[in-house]
Amino acid sequence: MSENPLNENEQRLIAYFDGELPEAEAREVEAYLEEHPEAVEALASFSLVHGALASAGDAWEEGVDFEGFSAAVMARIPEEQGAKRPADTREEQPGLWATFVAWLAGHPAFAAAATVMVVLGAGSVLYLNTPGSHIGPMPAFQLKGGATQIEDLSFESGSAVVYKTESDVTIVWLTEDDS
Amino acid sequence: MELDDKQLVTRAQAGDRHAFEALVRKYQRRIFRLAYGMLKNQEDAMDVAQDAFVRVHQHLDRFKGDAAFYTWLYRITTNLCIDRIRRNRGEQVEYEDGLAREDHTASELGLRRPAAATNPAKATLRHELGEQIAAALAELPEKHREILLLREIEGLSYEELAQTLEIKKGTVMSRLFHARKKMQAILASYLSPEELARLQGDPAKETA
């Protein structure tokens, strides 16, 4: 629902009260006020509201301890943002992920590959592990010619297919069973 | 050298947590006041104020610097407050003992500071007046509440109000005008003539 529009006098009055008028127009309003007590009354009511809220703002803060505020905010940032990071979505797939990690532990040569990229389901990259590289979101990619399948693993909770690309990147494609 | 908002935001966007924390410290009181004025509940206000900063950080990459950082922060805060008000409306039916529960929780969270450093009588009066004004504000529609808080407490200009509330400058003026009129009428029913006189800065009436 839209507000009732103001007439010209009301517009000038409120803009005058809020200090939003140019100097020359403000002088005109002051001259107008001398002859219009009802306008002075309206300004007094604006002033009352301003005084009330200004004093309330201070009162609302009293007794509130802001000492730990910023620390509390900062403590929430990694948690909330981390929850969105693909690397941390592994908690949503504990069965398959845990199984895969256990399998990896038993295959040190594989774990030591220069670059291992783990892809979950329909192509979202779950984990990128390269010495010195980052863990985080990766752009969508497609496997094209040049990637060779080197392993096809089956686990209780899903499967993993391992590819090696021409540039020696090892890619693990994890697929969790629906059941 | 103290960095301005723009510099702090740029650093925060680059991952500098200290820069973002500096922004939190700078605006935490203002955001709390705004949230309290909208919600009339200390615990909710604290919660929403923290949420607002977390939300800002999550979307920091979207902030292009076309408007002031604080107008963006205020907009996120008022939106979160309105969400909370709507959620609370549903909850109020379920929790009839809400007041007792809130007081207990606020105390547990250590939100209240010992009042020893202030004059207890004056502090109590100020606190009561603040509560009455918050109660009066709560009777206003949300759009009137938010514009009054942003103008009268935070001191935003018409231009900044238009940006924050995403409305035209003409709407800012008419909304503010009608909000003040309504608030004045509500205050008259909440406050004594002495309190009203004091707020209008009329010492003669105040002592009469």
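Counting heavy-atom pairs closer than 4.5 Å to chain A, the top residue among B:Arg17, B:Met173, B:Glu159, B:Arg30 is B:Arg17. Chain A forms more heavy-atom pairs under 4.5 Å with one residue of B:Arg25, B:Glu131, B:Glu154 than with any other, namely B:Arg25. The choice from B:Leu129, B:Leu191, B:Leu176 that makes the most heavy-atom pairs within less than 4.5 Å of chain A is B:Leu176.
Heavy atoms of B:Ala134 lying under 4.5 Å from chain A belong to its backbone as well as its side chain. Proximity to chain A involves both the backbone and the side chain of B:Ala49, based on heavy atoms less than 4.5 angstrom apart. Heavy-atom distances place the side chain of A:Glu20, and not its backbone, under 4.5 Å from chain B. Both the backbone and the side chain of B:Tyr158 come within contact range of chain A, with heavy atoms under 4.5 Å apart.
For the residue pair A:Asp65 and B:Met46, the shortest heavy atom distance occurs at O-CE, 4.1 Å. Contact detail for B:Lys181 and A:Ala42: the closest heavy-atom pair is NZ-CB, 4.1 Å. Considering all non-hydrogen atoms of both residues, B:Glu21 and A:Ser70 come closest at OE2-OG, 3.2 Å. Counting all heavy atoms, side chain and backbone alike, A:Ala59 lies closest to B:Gly130 at CB-CA, 4.0 Å. Here the closest heavy-atom approach between residue B:Leu187 and residue A:Ala52 is recorded as CD1-CB, 3.7 Å. The two atoms that bring B:Ile133 and A:Ser55 nearest to each other are CD1-OG, 4.1 Å, heavy atoms only.
Looking at heavy atoms from C-beta onward, B:Arg180 lies in side-chain contact with A:Ile14 at the 4.5 angstrom threshold. Looking only at side-chain heavy atoms (C-beta outward), B:His178 and A:Leu6 come within less than 4.5 Å of each other. A:Arg76 places a side-chain heavy atom less than 4.5 Å from the side chain of B:Asp51. Contact check for B:His127 versus A:Glu62: no side-chain heavy atoms found under the 4.5 Å cut-off. Between B:Met183 and A:Leu53, the closest side-chain pair of non-hydrogen atoms falls below 4.5 Å. Side-chain atoms of A:Met74 and B:Phe20, non-hydrogen and from C-beta on, do get closer than 4.5 Å to each other.
The aromatic rings of B:Tyr36 and A:Trp60 lie tilted to each other, with the angle between the two planes from 30° to 60°.
For B:Arg11, the CZ atom is loosely surrounded, since the number of other residues' heavy atoms within 6.0 Å does not exceed 12. No more than 12 heavy atoms of other residues, nucleotides or ligands sit less than 6.0 Å from atom CD of B:Glu2.
For the pair B:Arg29 (side chain) and A:Glu61 (backbone), a donor-acceptor distance under 3.5 Å is absent. Listed for the B:Arg151 side chain is a donor-acceptor partner under 3.5 Å among the backbone atoms of A:Asp18.
Rounding to the nearest 0.5 Å places CG of A:Asp58 at 6.5 Å from CZ of B:Arg33. Here the straight-line distance linking atom NE2 of A:His50 with atom CG of B:Leu148 works out to 11.5 Å at 0.5 Å rounding.
Close placement of the A:Phe69 and B:Phe53 rings is indicated, their centers lying within 6.0 Å of each other.
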